[in-house]
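Everything on this sheet refers to the single structure shown next.
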2 protein chains.
Amino acid sequence: MGASKTDEYSQQQISLAAMFKALGHPARVAIIQFILKAESCICGDIVNELPLSQPTVSQHLKELKSAGIIQGNVEGNAICYCLNDKTVKLLKDYFGSLIDQIQLKNSNCC
Amino acid sequence: MGASKTDEYSQQQISLAAMFKALGHPARVAIIQFILKAESCICGDIVNELPLSQPTVSQHLKELKSAGIIQGNVEGNAICYCLNDKTVKLLKDYFGSLIDQIQLKNSNCC
DNA sequence: TTTCTATATTGCAATATTACGATATTATTT
DNA sequence: AAATAATATCGTAATATTGCAATATAGAAA
């Protein structure tokens, strides 16, 4: 009869997946890197940096924002996008805990 | 004239995005967690644990594997899937470096 | 060699993502 | 109040993902 199926996914699973999904496109990884590299984090020129149109970049920014990876700040006419350090820390800790769990069970069949 | 567009994405950006994309689905996050939780890492019963058909689980496993998140080991009739600790460490370090970079530039406009 | 068990592949329908031109919005400057 | 500049939204075409039933494959057991 086997184990019973979990009817759905946990909230943590859903929310983690949403963050990873947001990061799962080269353009969005590039946006993250550009935000970190840029002198100030006034980031309207992401559009100039990426090989994509303005609407497309705007859409990618929206996805990063709604997943909580970045935050936007209205700065006069422009908008300043920055990384959400709380989310980044959460993700770092998540992978840290995975490593801990891997090391705990040293029944390594692979 | 503004900055010139990067013609394409870097290999690092593409490869990071592929790993995140592989993790960007609740079923695949659940698979990771199950592999870690399970007594041994003989994992045919992932199918019994998840609310998905066997072909669908197999497909998710394939995606995780080809992104280098997990590895599969033939074990007689069954296959044992385990996390690739090298990849997990790489991702942990990636977020660690993001945090470092955030802290370096304390010109926080957000 | 036949049967059984575990996993993978194929084919396909439903849905989601990606990208962009056109247009809307909002704040600034004139 | 225009005109300008920066960003967002809409509509839509092309493509990719998700999920499953049906089927294939490969090893173990009989």
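Proteins come first, then strands; the chains are lettered A, B, ... in the order of their sequence lines, and each starts at number 1.
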What's touching nucleotides 16-26 of chain D from the protein side, N or O pairs under 3.5 Å?
unit_1  : atom_1 : unit_2   : atom_2 : d
dT17(D) : OP1    : Lys21(B) : NZ     : 2.5
dT18(D) : OP1    : Arg28(B) : NH2    : 3.4
dT18(D) : OP2    : Arg28(B) : NH1    : 3.2
dT18(D) : OP2    : Glu63(B) : OE1    : 3.2
dG19(D) : OP2    : His25(B) : NE2    : 3.4
dG19(D) : OP2    : His60(B) : NE2    : 2.7
dG19(D) : N7     : Gln59(B) : NE2    : 3.4
dC20(D) : OP2    : Ser53(B) : N      : 2.9
dC20(D) : OP2    : Ser53(B) : OG     : 3.3
dC20(D) : OP2    : Thr56(B) : OG1    : 3.2

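In this structure, the CD atom of Glu8(B) is 14 Å from the C1' atom of dA19(C), given to the nearest Å. Atom CD of Gln71(B) and atom P of dT7(C) are 17 Å apart (whole Å). Here dT18(C) presents its P atom at 15 Å from CD1 of Ile14(B), a figure rounded to the nearest Å. The nearest whole Å value for the distance from the CG atom in Asn73(A) to the P atom in dT7(D) is 13 Å. What separates OH of Tyr81(A) from C1' of dA6(D) is a distance of 11 Å, to the nearest Å. Rounding to whole angstrom units, CD1 of residue Ile79(A) and P of dT26(C) are separated by 11 Å.
Remark: Gln54(B) pairs with no residue by the side-chain hydrogen bond (donor to acceptor under 3.5 Å, both in side chains) rule, at least two apart or across chains. For Ile99(B), the side-chain contact (heavy atoms from CB on, under 4.5 Å) test picks out Val88(A), Lys89(A), Lys92(A), Gln103(B), with sequence neighbours left out. Take Lys21(A) and apply the side-chain contact (heavy atoms from CB on, under 4.5 Å) test, not counting sequence neighbours, and it matches no residue. Residues satisfying the side-chain contact (heavy atoms from CB on, under 4.5 Å) test with Ala18(A), not counting sequence neighbours, are none.
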Determine all donor-acceptor pairs shorter than 3.5 Å in which one atom belongs to a side chain in residues 56-64 of chain A; sequence neighbours excluded.
unit_1   : atom_1 : unit_2   : atom_2 : d
Thr56(A) : OG1    : Ser53(A) : OG     : 3.0
His60(A) : ND1    : Arg28(A) : NH1    : 2.9
Glu63(A) : OE1    : Arg28(A) : NH1    : 3.2

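Under the 6.0 Å cut-off for aromatic ring centres, Phe20(A) and Phe95(A) qualify, their centroids lying closer than that.
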